[in-house]
Novice: 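Next up is a structure, given as structure tokens.
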Amino acid sequence: MLDIKLIRKHYEEVRRRIATRGEEYAKLVDRVYELDRRKRELQKEVENLRALLNRKSKEYGRLKREGKEDETLKEELAKIKETLKGLEEELKRVEEELNDLLLRIPNLPHPSVPIGEDENDNVEVRRWGEPPKFDFEPKPHWELGERLGILDFERGAKLSGSRFVVKRGLGARLVRALINFMLDLHGERGYVEIYVPHLVKPEILVGTGQLPKFEEDLFKCERDNLYLIPTAEVPLTNLHREEILKEEDLPIYYTAYTPCYRREAGSYGRDIKGLIRLHQFDKVELVKITKPEESYEELEKLVADAERVLQELELPYRVVELCTGDLGFSAAKTYDLEVWMPSYNRYREISSCSNCEDFQARRMKLRYKSKEGKNILCHTLNGSGLAVGRTLAAILENYQQEDGSVVIPKALRPYLGGLEVIKPQGE
RNA sequence: GGAGGGGUGGCCGAGCGGACGAAGGCGCGGCGCUGGAAACGCCGUGUGCCCGAUUUCCGGGCACCGAGGGUUCGAAUCCCUCCCCCUCCGCCA
């Protein structure tokens, strides 16, 4: 959520910067600006009336205790109350609309974010590693996985429909190995491992920005009014919601493995094959809570921590800075990590690392007390470290050999009892 | 699912129609005491919003005692609905 005071004071600038994400958002800013003005007008009237009412009520009480009932005063009070009632109702309506709209305005992009419309305007920051050269036609990971008997898309669909997969044998073990490997790596870097609920209340999703705008993307358990988390970012970032942290506790580093559940509404036909886009996937997430002045430095470190996973696995990747049009709703600045995928002959997103500044913190009232005793909104950051399914896909494709076998990255072998190669079944 | 108990400030905990933004304690900050410290004494210490003069400091108002409604001139206190937590029983990985 944006600071309403910022919109009030720097309306033109906020409007201009929000418009870089899409003109439709600028219109929301306009409406909010107008509603805020109306709200304050009404609030002033209401509060003045209430002050009057409070004063007269006390007076009435005092008189009554002295045994003097004052009927004219009582009538006067009733009159004030009636006027007040109408004004209060209008104020409430205005406030509700204002709050709802405020929750639907995305974060202000950081001034350093490149202006652009979509992913084509993202800016490459650096590359690491060399895409492998094959002297044979490399296969896509879903073919490799099926031939190796470790991925079973057909039975995934049998159980749950499209965009679900079953992993078998070494496929299942590879997932477990990757999760443990990633958690261990981040643990070394000072991230505290957390295990979180996978079902959360609506307000938790409002806190991180998925609600109210992206209801359609979520799985919901209607009976219990709970949602399946689309990412561990949601419970992790909300852990300290409505708390006032101590300055010396910051920065906080958390990591968690969770499955992630997404309806993928509006992505019909995209990435229908393979592990790239599923309704349920596994991810190890990184979350930081920091002081405002440290958050951008922490973002760079967060990206480095995510990159380290790819480096240890020796997977070629590049770092991309998202442009304004491609930025997520809550993010002020985002770096994507894109891993090389031979079957696509291009880099594909495997991690997204964002600084949300105080956008989420304001929604969830996440603050810390400064040495001067002031309560200051924290900054929150999150990043994938990494998406497990996509990592598995990248390993299969980049480490494949002509015979269809796949070499296990060295860093992962200790997690698989020293296994060096996965071979097609029956060999 | 059944029965009971409870949600009050950073924390603990009292209050159960007006003098309550809320006793007391802990914690924290300042001062005193001390050679220094502990102990002790004194003072201060919630959050959000609005308005005003204003860099900051400040002053005024409104709201907040789980959430939302109601009763009342007046609600932390009474009534209703909902949410959450705890204990016991049942069921269960």
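The chains referred to below are lettered A, B, ... by the order of the sequence lines, with proteins before strands, and numbering in each begins at 1.
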Novice: Rounded to the nearest Å, what distance is computed from the CZ atom of residue A/R362 to the C1' atom of nucleotide B/rC49?
Specialist: 14 Å
Novice: Check every strand shown and say whether A/K79 touches a base, only sugar-phosphate, or nothing at a heavy-atom separation below 4.0 Å.
Specialist: nothing
Novice: Would you say A/N54 places a side-chain N or O within less than 4.0 Å of OP1 or OP2 belonging to B/rC62?
Specialist: yes
Novice: Have a look at A/R55 and say if it touches a base, only the backbone sugar-phosphate, or nothing, with a 4.0 Å heavy-atom cut-off.
Specialist: nothing
Novice: Starting from C1' on B/rC49, measure out to CG on A/N375 and report it in whole angstrom.
Specialist: 15 Å
Novice: Could you give the distance separating B/rC65 and B/rU77 at their C1' atoms, to the nearest angstrom?
Specialist: 10 Å
Novice: Both distances under 3.5 Å, Watson-Crick or G-U wobble: report the partner of B/rG48, or none.
Specialist: B/rC62
Novice: Nearest 0.5 Å please: distance from the OG1 atom of A/T290 over to the CG atom of A/L299.
Specialist: 9.5 Å
Novice: May I ask you to list the residues of residues 234-253 of chain A, by number, that have any heavy atom positioned under 4.0 Å from an atom of RNA chain B?
Specialist: none
Novice: Once you measure the plane-to-plane angle for A/Y191 and A/H186, does it fall in the parallel (<30°), tilted (30-60°) or perpendicular (>60°) bin?
Specialist: perpendicular
Novice: For A/S57 and for A/A51, find the nucleotide of RNA chain B with the closest heavy atom, then tell me which residue's nucleotide is more 5'.
Specialist: A/A51
Novice: Would you kindly compare A/K92 and A/L77 by the position of their nearest RNA chain B nucleotide and give the one closer to the 5′ end?
Specialist: A/K92
Novice: Return no unless some side-chain N or O of A/K44 is found under 4.0 Å from OP1 or OP2 of B/rC50.
Specialist: no
Novice: Report which part of the nucleic acid A/K58 touches: base, sugar-phosphate, or nothing (heavy-atom distance under 4.0 Å, all strands).
Specialist: nothing
Novice: Looking at CD of A/E264 and CZ of A/F219, how far apart are the two atoms once the value is rounded to the nearest 0.5 Å?
Specialist: 8.5 Å
Novice: Once you apply the 3.5 Å cut-off to both distances, tell me the Watson-Crick or G-U wobble partner of B/rG74, or none.
Specialist: none
Novice: For B/rC49, take OP1 and OP2 only and decide whether either is under 4.0 Å from a side-chain N or O of A/R40.
Specialist: no
Novice: Does a side-chain N or O of A/R367 approach OP1 or OP2 of B/rG48 to a distance below 4.0 Å, or not?
Specialist: yes
Novice: Give a yes or no on whether a salt bridge exists between A/R8 and A/D36, defined as a side-chain N under 4.0 angstrom from a carboxylate O.
Specialist: yes
Novice: Return the pairing partner of B/rG9 with a 3.5 Å limit on both distances, Watson-Crick or G-U wobble; otherwise return none.
Specialist: none
Novice: Could you work out the separation of B/rC20 and B/rG15 based on their P atoms and round it to a whole Å?
Specialist: 16 Å
Novice: Could you measure between the two P atoms, the one in B/rA63 and the one in B/rG74, and give it in whole Å?
Specialist: 12 Å
Novice: A/L91 CG to B/rC62 C1': how many Å, rounded?
Specialist: 11 Å
Novice: Base, sugar-phosphate or nothing for A/K5? Non-hydrogen atoms, less than 4.0 Å.
Specialist: sugar-phosphate
Novice: If you round to the nearest 0.5 Å, how far is NZ of A/K291 from CD1 of A/I376?
Specialist: 8.5 Å
Novice: Now, which nucleotide makes the Watson-Crick or G-U wobble pair with B/rU54, with each of the two distances under 3.5 Å?
Specialist: none
Novice: Check this for me, if you would: do A/E357 and A/K333 make a salt bridge, where the nitrogen-to-carboxylate-oxygen distance has to be below 4.0 angstrom?
Specialist: no
Novice: Does B/rG74 have OP1 or OP2 under 4.0 Å away from a side-chain N or O of A/K81?
Specialist: yes
Novice: Could you tell me how far B/rA75 sits from B/rG17 if I compare only their P atoms? Round to whole Å.
Specialist: 14 Å
Novice: Atom CD of A/E47 and atom C1' of B/rC50: how far apart are they, to the nearest Å?
Specialist: 5 Å
Novice: Just N and O in the side chain of A/K369: are any of them under 4.0 Å from OP1 or OP2 of B/rU45?
Specialist: no
Novice: Return the value, rounded to whole Å, for the distance between atom NZ of A/K64 and atom P of B/rG17.
Specialist: 16 Å
Novice: If we call it a pair only when both distances are under 3.5 Å in a Watson-Crick or G-U wobble match, what pairs with B/rU87?
Specialist: B/rA3
Novice: Taking the C1' atom of each, how far is B/rG4 from B/rA93, in whole Å?
Specialist: 27 Å
Novice: On the 0 to 90° scale, with breaks at 30° and 60°, tag the A/F329-A/F214 ring pair as parallel, tilted or perpendicular.
Specialist: perpendicular
Novice: For a 4.5 angstrom cut-off between non-hydrogen side-chain atoms, does A/L148 reach A/H141?
Specialist: no
Novice: List in chain and number order the residues that pass side chain to side chain donor-acceptor pair (under 3.5 Å) with A/T380, two or more places apart in sequence or in another chain; answer none if no residue qualifies.
Specialist: A/Q360
Novice: What's the gap between B/rC26 and B/rG9 when it is taken at their C1' atoms, as a whole Å value?
Specialist: 13 Å
Novice: Rounding to an integer number of angstrom, what distance separates B/rC33 and B/rC42 when you compare their C1' atoms?
Specialist: 11 Å
Novice: Return the value, rounded to whole Å, for the distance between atom CG of A/L63 and atom P of B/rG18.
Specialist: 18 Å
Novice: For B/rG29, which nucleotide is its Watson-Crick or G-U wobble mate, given both distances must be under 3.5 Å?
Specialist: B/rC43
Novice: Using atom P in both nucleotides, what's the gap between B/rC89 and B/rG10 to the nearest angstrom?
Specialist: 36 Å
Novice: Any chance you could measure A/R168, atom CZ, to A/L151, atom CG, to the nearest 0.5 Å?
Specialist: 12.0 Å
Novice: Between C1' on B/rA63 and CD on A/E88, what's the gap in Å once rounded to a whole number?
Specialist: 11 Å
Novice: What is the distance, to the nearest angstrom, from the NZ atom on A/K39 to the P atom on B/rC49?
Specialist: 9 Å
